[in-house]
Student: 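Can you read through this structure? Questions will come right after.
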Amino acid sequence: MARAPSSILSFLRHNHRARQNPNTQIRYLTTETKDSDFTEISQQICKIIRTKPRWEQTLPSDYPSFNFTDPQFFTELLKHQRNVFFSLRFFFWLSSQNGFSPNPVSFNALFTALVEAKACNAAKLLLGHTGFSPDPASLESYIGCLCEGGYVQEAVDVFYRLKGAGVCLSIMTWNAALSGCLKVGRTDIIWILYQEMIECGVVADVETVGYLIQALCVDNNVLKGYELLRQVLVDGLVPGNAAFNKLISGFCKEKNYTRVSELLHIMISKNRGPDNYTYQEVINWLCKKGKGREGLRVFNDLKDRGYAPDIVMYTTMIHGLCTMDYIGEARKLWFEMIEKGYRPNEYTYNTMILGFCKIGSFEEAKILYKEMCDRGYKETTVSYNAMMRGLCLHGRTDEAYGLFTEMPHKGIVRDLITYNTLIQGFCKEGKIVESTNLFRELLTQGLQPSTYSYTPLIEKLCQVGAVQEAKSLWNDMKNRGLEPTFGTQDYIIIGLCDQGDAAEGMEWFLDMLKSKLKPKRKTFGKLVECLSQRDRLDDSLLVLDFMFRAGYTLEEHICYSLVNKLGGENNHFVETCLGEILEGK
DNA sequence: GTAGGGTTAG
């Protein structure tokens, strides 16, 4: 005798054990209930698809008379299923069943749930598999969701879809989009979106301004970012610390410490106290720009004022001290850090290991290296590169090469820096063949060479008189769009002069001036000497003139040879120059 | 969000 639906429900409600068995419940509800209670059933289905691994295969055959493919049932299920991924799986399962035609309402509910759960990949999947279009509000949330996941290009596509439908985004979504673009470094999209934002008539808020300032800094437009800051400060808006910090590190990079200090003062006066990130950037850049002493002073000041440096700041400072070869001080900080309860991590170990390697204390380095491994930190490309660099710096390239050959056996990837380190090491020892081979290997490995791959080779080739090969490497480098590093043209000019090719040396020299580059003192000297030996006195005086203007003086022996050459001439310019030479200007 | 490995020559 079948029980009436209400009595079943009441039975379940009062019978604890029966309630615990979802199968029992569904069997009752689906076989014996005429007007199925969707709410009750979907609650039970939720439980089954959450707990039963192969429900797709068993559910239909277990309950043949229940119509799972009723769209209304899915909507009910969605209401009760907290895990959106189960709902998505159920939706796809339903879609594969005959007789189920998803309706826009359930699609939209599912899409919204996915977006709210920040499951943008799943949302993307759903969108791609159905012909439905979510409602504008969900699409707008979807934009924020995409941006957060770093899919900014897709977010822009959705934006244009909404724009086409005449929908304007809220300031929250605009900000989410800008923030997302910033995270993945797509400032190009930031400016496009900002333009659109203005056209929509949306008023930027303080958060927007913060992102714009950061974007300007990323684009190396620190000054513009600063101007924007000043402008909004007048309006009473104070952007968050992230914007200040970006500006500060931007000005640090440019060595504009006046602005840095001004910004720090603004932060304090606006109750935006500089945080660990702020000071860390300051210390970091001071050290990177060769002002490690000042970096250390800031660091010590902070401690005196009661700021507690964290492990990152300690690592930064230790790194700075190691850069200056103040290993003793670095080591002191190392122990101080441990005393404060921080355990050195992978970064700290690698920094300190390189510090020891650089000054040739390989025994100390090896002890730390072993300690690092014992603590469970794996050997990495970075740790290998550090050891190889140290060895190369001390002329132990064979040992460095030994490590290089060892890397693949340990499953450690060789990267561009690995190759560059060894190329430089071999070049320094005059082992051009080995370097050239490594350079070729780098290319065959599919790595993109950098300026640092070329520079040591160009330098060494010039020194041994192979200027033609050096020039061909130079062209290769330029063709790859790589900017030469400081001094590369100097090597070539000196190489040309050594070969007596004053004419081409002069061409390269003029190119340097055109590019507003300052040749080295040695380059000037060599060129003057070479030109005068070739009796190109006008040119040599011209170079001499630039040399003085660059603030250099002429080496004595070149001075004498020039004076000898000029002996017979008699013009005003020569006299002036000679006068300057003799005055030692 | 933060930190570590490759840049001259003196």
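Proteins get letters first, then strands, A, B, ... in listed order; numbering begins at 1 in each. Just the heavy atoms: all of them, side chains too, but no hydrogens, waters or symmetry mates, feed the values below.
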Student: Any chance the side chains of A:N175 and A:T208 put a donor and an acceptor closer than 3.5 Å?
Tutor: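 Note: A:N175 and A:T208 side chains meet the donor-acceptor criterion.
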Student: Please confirm whether the backbone N or O of A:E281 pairs with a side-chain atom of A:S249, one donor and one acceptor, at under 3.5 Å?
Tutor: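 A pair under 3.5 Å: no.
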Student: How would you summarise protein contacts on nucleotides 4-9 of chain B per nucleotide, using B for base, S for sugar-phosphate only and - for none, with heavy-atom distances below 4.0 Å?
Tutor: BBBBBS
Student: Taking atom C1' of B:dG1 as reference, at what distance in whole Å does atom OH of A:Y211 sit?
Tutor: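 In whole Å, B:dG1 C1' lies 11 Å from A:Y211 OH.
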Student: Could you check which residues of residues 143-154 of chain A get a heavy atom under 4.0 Å from DNA chain B? Sort them by number, please.
Tutor: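 Those residues whose heavy atoms fall under 4.0 Å from DNA chain B, taken from residues 143-154 of chain A, amount to none.
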Student: Base, sugar-phosphate, or nothing: which does A:D490 touch, judged by heavy atoms less than 4.0 Å apart?
Tutor: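 No contact.
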Student: Assess the pair A:Y349 and A:W334: is the distance between their ring centroids shorter than 6.0 Å?
Tutor: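 Under 6.0 Å, so yes.
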Student: Hey, would you say the A:F509 and A:F524 ring centroids sit under 6.0 Å apart?
Tutor: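 Yes, ring centres under 6.0 Å apart.
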Student: Taking the six-membered ring for Trp, are the ring centroids of A:Y194 and A:Y211 within less than 6.0 Å of each other?
Tutor: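 For A:Y194 and A:Y211, the ring centres are not under 6.0 Å apart.
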Student: In terms of heavy-atom contacts, does NZ of A:K291 have more than 12 from other residues, nucleotides or ligands at under 6.0 Å?
Tutor: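 Not more than 12 within 6.0 Å, no.
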Student: Just to verify, what does A:F356 make a ring pair (Phe, Tyr, Trp, His ring centres under 6.0 Å) with, not counting sequence neighbours?
Tutor: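 Per chain and number, A:F356 pairs via ring pair (Phe, Tyr, Trp, His ring centres under 6.0 Å) with no residue.
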Student: What is the separation between atom CH2 on A:W334 and atom C1' on B:dA3, rounded to the nearest whole Å?
Tutor: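 For the pair A:W334 CH2 and B:dA3 C1', the rounded distance is 13 Å.
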Student: Between the side chains of A:N385 and A:T418, does any donor sit under 3.5 Å from an acceptor?
Tutor: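 Present: a donor and an acceptor within the cut-off.
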